[in-house]
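The structure under discussion appears below in the form of structure tokens.
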Amino acid sequence: MKKVLVLEDEDNIRSFVVINLRRAGYDTLEASSGEEALEVVKRNPDIRVALLDVMLPGMDGFEVCRRLRADNGKIGIIMLTARTQEMDKVTGLMTGADDYVTKPFSPAELTARVDALYRRTGGEPPLDDGIIRQDPFQLNTRNRTLEKNGQRIKLTQVEYTVMKLLMDNPGKALSRDEILETVWGSDYFGDVKIVDVNIRRLRLKVEDDPTNPTYITTVWGYGYKWGF
Ligand code: CA
């Protein structure tokens, strides 16, 4: 199993990270305090990558990093830092972290960092050829492109991320809030209408008849669904 530890005291951020890592094929273990994180690693010596939030009640992320590093030279460590904590980067790297990700981060950025570190610590990231095939669409998650019937459809980065979320969840009703949180991040404070605007634009690009959408369907009073 491709085990990743997620240490974060804020439940919504932790579940956001966990959902996205699971979607990318990782087996996640969770901790909400530094003490708990050290216990989880002790019980699961095969954890290969640890994501450590810096700001925690009790033992902070740097201390956890220091202790993990003292016990295990091989584990890959990524610090989750806030934008306002410029020094975190330096301190984190000095305490033995391999990388850091600044909040708010996108699912794509997070997964890319974990994949890269996973590879550097000697493993292959879980994944196949990175192509999601759902006739007549092909979404290439490596170069972030979409094809319909073999024809490239130009997408913005945000549209791509919405498409990926939809195609990762075929037939599942996704609430507008869930789409907002996954695509824009839980720290996004804008209006949820941004979801509708992007869906409308996507429909113009992917639907046979945008006025009568059959791929991206509306779930009234809730959100949207990919297909059927
Ligand atoms: Ca925190």
Side-chain angles (χ1 to χ4, degrees), residues 2-118 120-121 125 161 165 175 177-192 194:
K2 320 277 189 180
K3 284 191 184 173
V4 176
L5 168 75
V6 181
L7 165 59
E8 165 67 66
D9 60 313
E10 282 169 70
D11 293 345
N12 60 338
I13 300 179
R14 194 175 62 248
S15 47
F16 168 76
V17 170
V18 164
I19 286 166
N20 285 287
L21 289 178
R22 290 201 175 146
R23 198 170 279 153
Y26 289 98
D27 181 15
T28 52
L29 292 136
E30 302 178 42
S32 55
S33 74
E35 292 79 359
E36 194 187 349
L38 295 173
E39 272 303 305
V40 171
V41 173
K42 199 179 287 174
R43 285 199 309 271
N44 298 274
D46 53 341
I47 289 175
R48 293 278 300 281
V49 171
L51 294 175
L52 307 178
D53 182 33
V54 172
M55 298 287 280
L56 299 163
M59 187 189 300
D60 73 9
F62 295 136
E63 183 57 27
V64 177
C65 179
R66 227 174 267 123
R67 294 194 190 191
L68 283 181
R69 194 46 94 217
D71 288 347
N72 182 343
K74 281 198 293 191
I75 194 168
I77 299 176
I78 299 175
M79 305 303 295
L80 304 178
T81 71
R83 199 177 289 285
T84 48
Q85 300 160 328
E86 266 304 306
M87 285 307 291
D88 283 2
K89 174 182 165 187
V90 180
T91 314
L93 295 176
M94 282 179 62
T95 54
D98 300 291
D99 201 358
Y100 67 95
V101 178
T102 307
K103 295 178 194 175
F105 43 80
S106 70
E109 180 186 4
L110 178 76
T111 310
R113 297 298 189 85
V114 174
D115 284 349
L117 187 55
Y118 203 92
R120 289 212 300 277
T121 58
T161 312
L165 174 63
S175 74
D177 285 334
E178 189 178 350
I179 298 171
L180 185 73
E181 183 169 328
T182 310
V183 176
W184 281 268
S186 55
D187 294 339
Y188 181 79
F189 291 111
D191 196 288
V192 74
I194 188 80

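Counting convention: from 1, in listed order, for ligands and their atoms alike.
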- Distance-only, no hydrogens or angles: does the Glu10 side chain make a donor-acceptor pair with backbone N or O of Asn12 under 3.5 Å?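 No, the answer is negative, given that no donor and acceptor are paired below the 3.5 Å cut-off.
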- Is there a donor-acceptor pair under 3.5 Å between the side chain of Asp53 and the backbone N or O of Leu7?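 The answer is no, because no donor-acceptor pair under 3.5 Å joins these two groups.
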- Query: Listing by chain and number, what protein N/O/S atoms are under 3.0 Å from the Ca ion (ligand 1)?
  - Reply: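 You should have found Asp9 OD1, Asp53 OD2, Met55 O.
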- Message: Measuring from atom CD of Glu35 to atom CD of Glu63, what distance do you get when rounded to the nearest 0.5 angstrom?
- Response: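 Reported value, rounded in 0.5 Å steps: 9.5 Å.
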- Query: Does any donor atom in the side chain of Glu36 or Ser32 lie under 3.5 Å from an acceptor atom in the other side chain?
  - Reply: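 On atom types as modelled, these side chains qualify, holding a pair under 3.5 Å.
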- Only one of Val114, Val18, Leu117 passes side-chain contact (heavy atoms from CB on, under 4.5 Å) with Leu51; say which it is.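 Only one of Val114, Val18, Leu117 forms a side-chain contact (heavy atoms from CB on, under 4.5 Å) with Leu51, namely Val114.
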For residues 104-111, which side-chain N or O atoms pair as donor and acceptor with protein atoms under 3.5 Å away, sequence neighbours left out?
| residue | atom | partner | partner atom | Å |
| --- | --- | --- | --- | --- |
| Ser106 | OG | Glu109 | N | 3.1 |
| Thr111 | OG1 | Pro107 | O | 2.8 |

